[in-house]
Amino acid sequence: MKKNKLQILTNGIIKENPVLVLMLGTCPTLATTTSAINGLGMGVAATAVLVFSNMIISMLKSVIPDKVRIPCYIVVIAGLVTVVQMFVQAYAPDLYTALGVFLPLIVVNCIILGRAEMFASKNSVVDSALDGIGMGLGFTLALFMMGAIRELLGAGTIFGAPVLGTPISIFGVAPGGFFVFGCLVALVNKITKGKAIKKKEFSCAGCPAASICGQAQKGEC
Amino acid sequence: MKEMMIILFSAILVDNFVLSKFMGICPFLGVSKKLDSAVGMSAAVIFVMLMATAVTWPIYDMLLAPNNLAYLQTVVFILVIASLVQLVEVILKKYVPALHKSLGVYLPLITTNCAVLGVTVLNITEQYNFTESMVNALGAGIGFMLAMVLFAGVRQRLENIDAPECFQGLPITLIAASIVSASFIGFGGVVDGLFR
């Protein structure tokens, strides 16, 4: 089943949205979406890493021995994350402070390792780059939506401009993150009539470590 | 001693890694269906967090920082943690098969757990010394276990709940997590009240 280029690109944005459908990268989704601009920044940073890691891993796919592929992917991703971290620190110091520890934690973001394992190691460089852009846009879109909703309800602002009179501050802190995410997933469920998530539940099936994790094969976790 | 207690209890209750810092959400949602697997997973996390901190802190302090290589932190830490987890798994398999049976299955999952990398990076950014880092890692691990065990109990109740169709499965679980997390906000002043 050969997909055309446009399908590869749009696949990650809607049909297989990494956050709302595949349930990957939940930690940054919840933690960095206290405002729309932070969500957007996190999304763009992760997209940059994803596109380049997909391209590099696709180029190296015939060189990397199968047995040590996961450590090799991690080294490539960690190197790219360091570069992105330096860029953000130099050109967007406010964002650097806001994202804090979650910037280096892009290394362990399941989306990036997952796409390396599931897509880039099997496809051409151009297709991998397109997949990276699509998945990255899907991730950014989801984070931006989460951030905008939480900023509007939690601080009463949109991009810092005041809109609502009395904000509900709990949406800006941890419980609000879980709540908004839960509602968004329910919304996606409703729109897709449960097709998107039901079939996979949300176990380790989407987790990149599933292939090496015995627990997932037994279907226990 | 007082400072240590403050760090420990802040990490467990106030800044709970899962419920207020959002680290390790994947295992929190994925492995909390049964109580025994939740306990096994969190025991493995506590173990790896302590090991990772014990190794990465000296590496940063003695190798990276003095040689102006602090920017290599991310690359070095993830590699050290990944190889450490592999090593521990091999050693446990060979010498302590009983422990390997109960903890081993969770070990490969922990390499890509952001809570482990997170605690080692945070120890550096917070400028903790070695003892403080170890205490912080212990607190983070215990906090992870507390959240997992509490939530495993909540999940068992969720099994029988009659939720609207689109909320079944993950969404209602997230709403429940939101309420558990809201209850942890209540611990806000506890540490100040107890130790200061």
Side-chain angles (χ1 to χ4, degrees), chain A residues 23-24 26-32 70-71 74-75 77-79 81-82 85-86 100-102 104-110 113 170 173-191 193-194 197-198 201-204 207-209 212-216 218 220-221, chain B residues 16 19-31 33-34 37 41 71-79 82-83 86 104-106 108-118 121-122 125 163-185:
Chain A
M23 299 302 148
L24 297 173
T26 40
C27 304
T29 308
L30 291 166
T32 60
I70 301 284
I74 291 179
V75 176
I77 296 167
V81 168
T82 309
Q85 208 179 339
M86 285 168 155
V101 71
F102 280 91
L105 285 185
I106 297 177
V107 179
V108 283
N109 188 324
C110 321
L113 197 60
I170 199 161
V173 287
F178 282 114
F179 187 79
V180 173
F181 190 42
C183 292
L184 271 183
V185 175
L187 189 68
V188 172
N189 250 351
K190 185 88 187 163
I191 294 169
K193 299 195 177 62
I197 297 156
K198 276 279 169 56
E201 255 299 294
F202 58 99
S203 56
C204 300
C207 166
I212 39 171
C213 169
Q215 202 72 357
K218 283 185 275 166
E220 272 182 17
C221 67
Chain B
N16 187 287
L19 296 170
S20 85
K21 281 189 179 153
F22 294 123
M23 288 180 199
I25 300 288
C26 303
F28 175 65
L29 295 174
V31 197
K33 269 184 197 155
K34 281 192 221 121
S37 52
M41 176 78 185
Y71 65 90
L72 283 178
Q73 190 192 351
T74 314
V75 183
V76 172
F77 279 20
I78 187 70
L79 280 180
S83 35
Q86 291 287 315
V105 285
Y106 305 106
L109 275 177
I110 291 171
T111 320
T112 51
N113 180 345
C114 55
V116 176
L117 183 64
V121 173
L122 276 178
T125 33
E165 200 181 341
C166 62
F167 268 97
Q168 278 168 15
L170 182 66
I172 196 71
T173 313
L174 283 166
I175 306 284
S178 155
I179 296 166
V180 175
S181 157
S183 70
F184 267 69
I185 290 187

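Below, chains carry the letters A, B, ... as their sequence lines are ordered, and counting in each starts from 1.
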Within the structure provided, determine whether [X] and [Y] are in side-chain contact (heavy-atom separation under 4.5 Å).
X	Y	answer
A:V101	B:M23	yes
B:F22	A:T26	no
A:F179	B:L174	no
B:I175	A:C183	yes

Minimum heavy-atom separation for [X] and [Y], please, with both atom names.
X	Y	answer
A:N189	B:Q168	ND2-O, 4.1 Å
B:Y71	A:M86	CB-CE, 3.4 Å
A:L105	B:C114	CD2-O, 3.7 Å

Quick one: what part of [X] sits under 4.5 Å from any heavy atom of chain A, side chain, backbone, both or neither?
X	result
B:L117	both
B:I78	side chain
B:I185	side chain

Nearest-0.5 Å distance, CZ of residue A:F178 to CD1 of residue B:I179:
12.0 Å
Let me confirm one number: the CZ-OG1 distance from A:F181 to B:T173, rounded to the nearest 0.5 Å.
11.5 Å
Side chain from CB out, backbone as N, CA, C, O: work out which of these in A:V180 comes under 4.5 Å of a heavy atom of chain B, or both, or neither.
neither
Looking at chain B, which one of A:A78, A:A174, A:P71 has the largest number of heavy-atom pairs inside 4.5 Å, strictly under?
A:A174
Checking B:I25 against A:L30 for the side chain to side chain contact (heavy atoms under 4.5 Å, CB included) test, could you report, in this order, the C-alpha distance in whole Å, the side-chain angles of both residues, the deciding distance, and whether it holds?
CA-CA 9 Å; B:I25 300 288; A:L30 291 166; 3.9 Å; yes
